[in-house]
**Student:** 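This structure is in structure tokens; I'll ask about it shortly.
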Amino acid sequence: ALAGLEGLAPGSQRPNARAVTTRLALAMQGALLCRFSAPEVADAFCASRLGDDALPGFGTAEFPRAHVDLLIHRFRYR
């Protein structure tokens, strides 16, 4: 995720402060989830927000059914 910032950083051909800030915030969220959350939660966030096929809208990520079931079970029975 951080490697994608190189083309957006100041001094590059396409500086874009809003895009840099958004990517940094997503990377920080992903890092915190990886450190403090359940692996299935962190994996889902990172895949949907930081992966190569990440899209900004909710419901746009495709996950294996097993991951979806784990997430639903985790939050339903907390």
Side-chain angles (χ1 to χ4, degrees):
L2 295 178
L5 289 171
E6 292 175 1
L8 302 173
S12 70
Q13 293 180 0
R14 291 182 42 206
N16 185 336
R18 188 178 306 265
V20 170
T21 303
T22 299
R23 293 229 185 152
L24 284 173
L26 289 170
M28 176 61 86
Q29 290 171 348
L32 289 170
L33 285 169
C34 287
R35 186 168 181 183
F36 297 110
S37 186
E40 61 270 12
V41 174
D43 288 347
F45 179 87
C46 291
S48 66
R49 299 294 178 249
L50 302 174
D52 292 336
D53 297 328
L55 296 171
F58 290 109
T60 58
E62 292 187 27
F63 296 106
R65 186 67 208 171
H67 289 136
V68 173
D69 291 342
L70 281 171
L71 291 171
I72 291 170
H73 179 76
R74 176 177 170 74
F75 291 105
R76 182 180 291 165
Y77 299 106
R78 277 188 109 183

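Owing to the predicted nature of the structure, the values given are computational and were not obtained by experimental measurement.
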**Student:** Minimum heavy-atom separation for Leu50 and Ala27, please, with both atom names.
**Tutor:**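 Heavy atoms of Leu50 and Ala27 come nearest at CD2-N, 4.0 Å.
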**Student:** Treating Ser48 as the side-chain partner and Phe45 as the backbone partner, does any N or O pair qualify as donor plus acceptor under 3.5 Å?
**Tutor:**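 Yes, because the side chain of Ser48 sits within donor-acceptor range (under 3.5 Å) of the backbone of Phe45.
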**Student:** Give the minimum heavy-atom separation between Gly30 and Cys46, together with the two atoms involved.
**Tutor:**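 Shortest heavy-atom contact: CA-SG, 4.0 Å.
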**Student:** Between Met28 and Leu32, is any pair of side-chain heavy atoms under 4.5 Å apart?
**Tutor:**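 Yes, their side chains come closer than 4.5 Å.
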**Student:** Would you please test Arg23 and Leu26 for side chain to side chain contact (heavy atoms under 4.5 Å, CB included) and show each step?
**Tutor:** CA-CA 5 Å; Arg23 293 229 185 152; Leu26 289 170; 5.7 Å; no
